[in-house]
Amino acid sequence: MPDKKGSAYGTPAADTSFRRNYDLDEYAQKAKVREAAEKEEAKARYEAKLAGKKYYKPMTGDETHTKARREVIDLEANVGKTLLVPAGAGQGKRGRSAGFYCAACDLTFKDNMQWVEHINSMQHLRNVGETGEVKKATAEEVHQRIIEVWERLQEQKKASTTTLKERLELREEEAAKEREARRLKRQEELAKKKAEKEAAEKIKVEYGDDVRIEGEHDEDDMMAAMGITGFGTSKKK
(Lines give C-alpha, C1' and ligand atoms only; values in the text may rest on other atoms or scores of the structure.)
Protein backbone atom coordinates (compact mmCIF):
# COMPACT_ATOMS: atom_id res chain seq x y z
CA MET A 1 0.00 0.00 0.00
CA PRO A 2 1.27 3.49 -0.74
CA ASP A 3 2.32 5.67 2.10
CA LYS A 4 -0.58 7.95 3.04
CA LYS A 5 1.84 10.62 4.27
CA GLY A 6 3.70 10.76 0.97
CA SER A 7 2.80 12.11 -2.46
CA ALA A 8 2.57 10.39 -5.84
CA TYR A 9 6.18 11.46 -6.58
CA GLY A 10 7.63 9.90 -3.46
CA THR A 11 8.19 13.15 -1.61
CA PRO A 12 6.55 14.18 1.65
CA ALA A 13 3.20 15.86 1.19
CA ALA A 14 4.29 18.82 3.31
CA ASP A 15 7.54 19.38 1.32
CA THR A 16 7.70 23.02 0.14
CA SER A 17 11.38 23.14 -0.85
CA PHE A 18 10.43 23.77 -4.49
CA ARG A 19 9.09 27.19 -3.60
CA ARG A 20 11.21 30.28 -4.00
CA ASN A 21 12.79 31.61 -0.84
CA TYR A 22 12.80 35.37 -0.48
CA ASP A 23 15.48 37.28 1.37
CA LEU A 24 13.42 39.35 3.78
CA ASP A 25 16.37 41.53 4.78
CA GLU A 26 17.11 42.40 1.13
CA TYR A 27 13.54 43.41 0.39
CA ALA A 28 13.32 45.33 3.66
CA GLN A 29 16.42 47.31 2.59
CA LYS A 30 14.90 48.00 -0.84
CA ALA A 31 11.70 49.22 0.79
CA LYS A 32 13.71 51.45 3.10
CA VAL A 33 15.57 53.01 0.15
CA ARG A 34 12.33 53.52 -1.78
CA GLU A 35 10.63 55.15 1.20
CA ALA A 36 13.60 57.48 1.70
CA ALA A 37 13.51 58.49 -1.99
CA GLU A 38 9.76 59.10 -1.83
CA LYS A 39 10.23 61.18 1.30
CA GLU A 40 12.90 63.31 -0.39
CA GLU A 41 10.69 63.78 -3.45
CA ALA A 42 7.72 64.79 -1.30
CA LYS A 43 9.90 67.31 0.54
CA ALA A 44 11.17 68.76 -2.76
CA ARG A 45 7.61 69.01 -4.10
CA TYR A 46 6.47 70.79 -0.94
CA GLU A 47 9.37 73.27 -1.06
CA ALA A 48 8.70 73.98 -4.75
CA LYS A 49 5.03 74.57 -3.98
CA LEU A 50 5.89 77.01 -1.18
CA ALA A 51 8.20 78.88 -3.55
CA GLY A 52 5.45 79.10 -6.18
CA LYS A 53 7.37 76.89 -8.62
CA LYS A 54 6.61 73.64 -10.34
CA TYR A 55 8.49 70.50 -9.30
CA TYR A 56 10.57 68.69 -11.90
CA LYS A 57 12.48 65.48 -11.63
CA PRO A 58 16.14 66.24 -10.72
CA MET A 59 18.68 65.65 -13.48
CA THR A 60 21.29 62.90 -13.19
CA GLY A 61 23.83 64.30 -15.67
CA ASP A 62 23.13 61.70 -18.37
CA GLU A 63 20.47 63.79 -20.11
CA THR A 64 20.86 65.00 -23.69
CA HIS A 65 19.86 68.27 -25.32
CA THR A 66 16.33 68.56 -26.62
CA LYS A 67 16.10 68.17 -30.40
CA ALA A 68 13.44 68.97 -32.94
CA ARG A 69 10.87 66.22 -33.40
CA ARG A 70 11.54 64.28 -36.59
CA GLU A 71 8.41 62.16 -36.74
CA VAL A 72 4.88 63.42 -37.21
CA ILE A 73 2.51 63.00 -34.25
CA ASP A 74 -0.19 60.57 -35.36
CA LEU A 75 -3.32 61.58 -33.44
CA GLU A 76 -5.59 59.31 -35.47
CA ALA A 77 -3.74 56.03 -35.06
CA ASN A 78 -6.37 54.54 -32.72
CA VAL A 79 -9.45 55.91 -34.48
CA GLY A 80 -11.92 53.08 -35.14
CA LYS A 81 -9.98 50.60 -32.97
CA THR A 82 -11.04 48.73 -29.83
CA LEU A 83 -8.64 48.83 -26.88
CA LEU A 84 -8.71 46.67 -23.76
CA VAL A 85 -8.04 48.63 -20.56
CA PRO A 86 -7.71 47.47 -16.94
CA ALA A 87 -10.85 47.10 -14.85
CA GLY A 88 -10.09 50.07 -12.60
CA ALA A 89 -8.93 52.36 -15.40
CA GLY A 90 -10.35 55.78 -16.06
CA GLN A 91 -9.81 57.23 -12.58
CA GLY A 92 -7.87 60.41 -13.29
CA LYS A 93 -4.73 60.65 -15.41
CA ARG A 94 -2.50 58.24 -13.49
CA GLY A 95 -2.08 54.82 -15.09
CA ARG A 96 -3.05 53.36 -18.44
CA SER A 97 -6.62 53.77 -19.61
CA ALA A 98 -8.56 54.75 -22.72
CA GLY A 99 -6.93 57.71 -24.46
CA PHE A 100 -3.41 58.90 -25.24
CA TYR A 101 -1.06 57.02 -22.92
CA CYS A 102 2.50 58.14 -22.07
CA ALA A 103 4.59 55.18 -20.93
CA ALA A 104 7.47 57.38 -19.69
CA CYS A 105 5.23 59.35 -17.30
CA ASP A 106 2.50 56.68 -16.77
CA LEU A 107 -0.22 59.20 -17.60
CA THR A 108 -3.29 59.05 -19.86
CA PHE A 109 -4.87 62.04 -21.58
CA LYS A 110 -8.39 62.14 -22.97
CA ASP A 111 -7.93 64.70 -25.78
CA ASN A 112 -5.20 65.52 -28.25
CA MET A 113 -4.59 69.07 -26.98
CA GLN A 114 -3.60 67.81 -23.54
CA TRP A 115 -1.47 65.10 -25.15
CA VAL A 116 0.50 67.54 -27.32
CA GLU A 117 1.00 69.91 -24.38
CA HIS A 118 2.27 67.03 -22.26
CA ILE A 119 4.86 65.69 -24.71
CA ASN A 120 6.23 69.25 -25.01
CA SER A 121 6.27 69.79 -21.23
CA MET A 122 9.37 69.79 -19.04
CA GLN A 123 7.99 66.89 -17.00
CA HIS A 124 7.89 64.61 -20.05
CA LEU A 125 11.26 65.78 -21.38
CA ARG A 126 12.94 65.03 -18.04
CA ASN A 127 11.38 61.57 -17.91
CA VAL A 128 12.61 60.68 -21.41
CA GLY A 129 16.15 61.85 -20.59
CA GLU A 130 16.29 65.34 -22.09
CA THR A 131 17.31 68.58 -20.43
CA GLY A 132 14.68 70.77 -22.06
CA GLU A 133 17.43 73.04 -23.41
CA VAL A 134 18.27 73.30 -27.10
CA LYS A 135 21.90 73.18 -28.22
CA LYS A 136 23.04 76.35 -29.95
CA ALA A 137 23.90 75.57 -33.56
CA THR A 138 27.10 76.81 -35.18
CA ALA A 139 27.31 78.47 -38.59
CA GLU A 140 28.70 75.26 -40.12
CA GLU A 141 25.81 73.19 -38.77
CA VAL A 142 23.28 75.70 -40.12
CA HIS A 143 24.97 75.62 -43.54
CA GLN A 144 25.01 71.81 -43.53
CA ARG A 145 21.33 71.71 -42.59
CA ILE A 146 20.46 74.07 -45.45
CA ILE A 147 22.32 71.79 -47.86
CA GLU A 148 20.48 68.73 -46.53
CA VAL A 149 17.10 70.43 -46.88
CA TRP A 150 17.94 71.58 -50.41
CA GLU A 151 19.02 68.07 -51.43
CA ARG A 152 15.85 66.61 -49.96
CA LEU A 153 13.73 69.09 -51.90
CA GLN A 154 15.59 68.22 -55.09
CA GLU A 155 15.00 64.51 -54.49
CA GLN A 156 11.30 65.17 -53.97
CA LYS A 157 11.25 67.21 -57.17
CA LYS A 158 12.88 64.37 -59.08
CA ALA A 159 10.44 61.86 -57.66
CA SER A 160 7.47 63.99 -58.75
CA THR A 161 8.50 64.20 -62.41
CA THR A 162 6.05 62.46 -64.71
CA THR A 163 6.64 63.59 -68.30
CA LEU A 164 9.27 62.10 -70.58
CA LYS A 165 10.80 65.52 -71.27
CA GLU A 166 11.37 66.21 -67.58
CA ARG A 167 12.95 62.78 -67.06
CA LEU A 168 15.27 63.33 -70.02
CA GLU A 169 16.30 66.73 -68.66
CA LEU A 170 17.06 65.24 -65.24
CA ARG A 171 19.07 62.46 -66.86
CA GLU A 172 21.06 65.01 -68.86
CA GLU A 173 21.80 67.00 -65.70
CA GLU A 174 23.01 63.87 -63.90
CA ALA A 175 25.19 62.89 -66.89
CA ALA A 176 26.72 66.40 -66.97
CA LYS A 177 27.52 66.17 -63.25
CA GLU A 178 29.16 62.78 -63.75
CA ARG A 179 31.27 64.10 -66.65
CA GLU A 180 32.37 67.09 -64.59
CA ALA A 181 33.33 64.81 -61.68
CA ARG A 182 35.41 62.59 -64.00
CA ARG A 183 37.09 65.65 -65.54
CA LEU A 184 38.07 66.98 -62.12
CA LYS A 185 39.40 63.57 -61.13
CA ARG A 186 41.56 63.39 -64.29
CA GLN A 187 42.93 66.87 -63.63
CA GLU A 188 43.87 65.88 -60.07
CA GLU A 189 45.64 62.74 -61.31
CA LEU A 190 47.56 64.68 -63.99
CA ALA A 191 48.56 67.35 -61.46
CA LYS A 192 49.75 64.66 -59.06
CA LYS A 193 51.86 62.93 -61.76
CA LYS A 194 53.29 66.27 -62.86
CA ALA A 195 54.28 67.13 -59.30
CA GLU A 196 55.95 63.73 -58.85
CA LYS A 197 57.86 64.13 -62.12
CA GLU A 198 59.02 67.63 -61.20
CA ALA A 199 60.17 66.38 -57.80
CA ALA A 200 62.18 63.60 -59.47
CA GLU A 201 63.79 66.02 -61.92
CA LYS A 202 64.65 68.35 -59.06
CA ILE A 203 66.44 65.51 -57.25
CA LYS A 204 68.45 64.71 -60.38
CA VAL A 205 69.48 68.32 -60.80
CA GLU A 206 70.55 68.67 -57.17
CA TYR A 207 72.34 65.32 -56.70
CA GLY A 208 73.29 64.26 -60.24
CA ASP A 209 72.51 61.14 -62.26
CA ASP A 210 73.84 58.76 -59.57
CA VAL A 211 70.61 59.10 -57.64
CA ARG A 212 68.29 56.17 -58.28
CA ILE A 213 64.66 57.08 -58.83
CA GLU A 214 62.14 54.42 -57.91
CA GLY A 215 61.17 52.45 -61.01
CA GLU A 216 63.69 54.14 -63.30
CA HIS A 217 66.31 51.33 -63.45
CA ASP A 218 64.08 48.30 -62.97
CA GLU A 219 64.84 46.98 -66.47
CA ASP A 220 68.59 47.35 -66.06
CA ASP A 221 68.51 45.60 -62.69
CA MET A 222 66.54 42.68 -64.15
CA MET A 223 69.02 42.29 -67.05
CA ALA A 224 71.97 42.37 -64.67
CA ALA A 225 70.37 39.68 -62.49
CA MET A 226 69.96 37.47 -65.58
CA GLY A 227 73.62 37.94 -66.54
CA ILE A 228 72.89 40.07 -69.59
CA THR A 229 75.29 42.96 -69.83
CA GLY A 230 74.07 44.32 -73.13
CA PHE A 231 73.09 43.58 -76.71
CA GLY A 232 76.36 44.65 -78.34
CA THR A 233 77.46 43.21 -81.76
CA SER A 234 80.21 40.60 -82.18
CA LYS A 235 81.41 42.15 -85.46
CA LYS A 236 85.07 43.14 -85.40
CA LYS A 237 85.90 46.65 -86.35
Side-chain angles (χ1 to χ4, degrees), residues 59-77 103-104 116 119-122 124-237:
M59 292 189 294
T60 60
D62 298 331
E63 291 82 6
T64 59
H65 286 89
T66 301
K67 298 180 181 179
R69 188 179 295 107
R70 295 288 185 179
E71 65 278 2
V72 178
I73 302 175
D74 189 4
L75 301 174
E76 300 179 356
V116 173
I119 60 179
N120 292 329
S121 65
M122 185 64 70
H124 177 77
L125 295 177
R126 290 288 179 86
N127 287 334
V128 297
E130 296 183 5
T131 60
E133 299 177 356
V134 181
K135 181 182 177 182
K136 187 177 181 180
T138 61
E140 294 180 358
E141 292 175 345
V142 173
H143 185 262
Q144 183 64 27
R145 183 61 183 274
I146 292 173
I147 294 176
E148 292 176 359
V149 173
W150 174 254
E151 291 178 352
R152 185 166 65 250
L153 291 175
Q154 294 299 318
E155 292 294 332
Q156 294 175 357
K157 182 180 177 182
K158 292 179 181 178
S160 63
T161 56
T162 55
T163 63
L164 177 60
K165 183 179 179 181
E166 291 176 346
R167 289 199 296 268
L168 291 175
E169 290 177 354
L170 288 175
R171 181 56 186 165
E172 183 62 28
E173 291 179 2
E174 293 176 358
K177 290 180 180 178
E178 292 177 358
R179 289 194 298 269
E180 181 66 17
R182 289 196 297 268
R183 186 182 67 81
L184 294 175
K185 186 176 181 180
R186 287 196 301 269
Q187 288 182 352
E188 291 178 359
E189 292 177 353
L190 290 175
K192 184 178 179 181
K193 290 180 180 179
K194 184 178 179 181
E196 292 176 354
K197 185 177 180 181
E198 291 178 353
E201 293 294 336
K202 184 178 180 181
I203 292 175
K204 281 188 176 182
V205 171
E206 292 179 353
Y207 299 100
D209 294 335
D210 294 335
V211 178
R212 294 178 60 86
I213 306 300
E214 184 178 0
E216 184 180 8
H217 301 284
D218 290 348
E219 186 177 352
D220 298 338
D221 294 342
M222 183 176 63
M223 292 176 61
M226 296 174 62
I228 301 174
T229 57
F231 295 98
T233 179
S234 61
K235 183 179 179 180
K236 294 183 180 180
K237 294 183 180 180

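Both backbone and side-chain heavy atoms feed into the values below; hydrogens, waters and symmetry mates do not.
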Do [X] and [Y] touch side chain to side chain, with heavy atoms closer than 4.5 Å?
X	Y	answer
His143	Ile147	yes
Lys197	Lys193	no
Leu170	Glu173	yes
Val149	Arg145	yes

Where is the tightest heavy-atom contact between Ala104 and Val128, given as atom of each residue plus distance?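 So the two residues come closest at CB-CG1, 3.8 Å.
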
So which heavy atom on Leu125 is nearest to which on Asn120, and how close? CD1-O, 4.2 Å

Have a look at Gln144 and tell me which of Glu148, Glu141, Glu140 forms a side-chain contact (heavy atoms from CB on, under 4.5 Å) with it.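 When Glu148, Glu141, Glu140 are each tested with Gln144, the side-chain contact (heavy atoms from CB on, under 4.5 Å) holds only for Glu148.
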
For Glu155, which residues count as a salt bridge (Lys or Arg N to Asp or Glu O under 4.0 Å) partner, sequence neighbours excluded? none

How long is the straight-line distance from CZ of Arg152 back to CD of Gln154, given to the nearest 0.5 Å?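 Atom-to-atom, Gln154:CD and Arg152:CZ are 12.0 Å apart.
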
Under a 4.0 Å threshold between the charged nitrogen and the carboxylate oxygen, would Glu174 count as salt-bridged to Arg171?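 Yes, charged N to carboxylate O under 4.0 Å.
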
Can you list everything that forms a side chain to side chain donor-acceptor pair (under 3.5 Å) with Arg183? Sequence neighbours excluded, please.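 Partners of Arg183 by the side chain to side chain donor-acceptor pair (under 3.5 Å) criterion, ordered by chain and then number, come out as Glu180.
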
Decide yes or no on salt bridge (Lys or Arg N to Asp or Glu O under 4.0 Å) for Glu178 and Lys185, but give the supporting numbers first. CA-CA 11 Å; Glu178 292 177 358; Lys185 186 176 181 180; over 6 Å; no

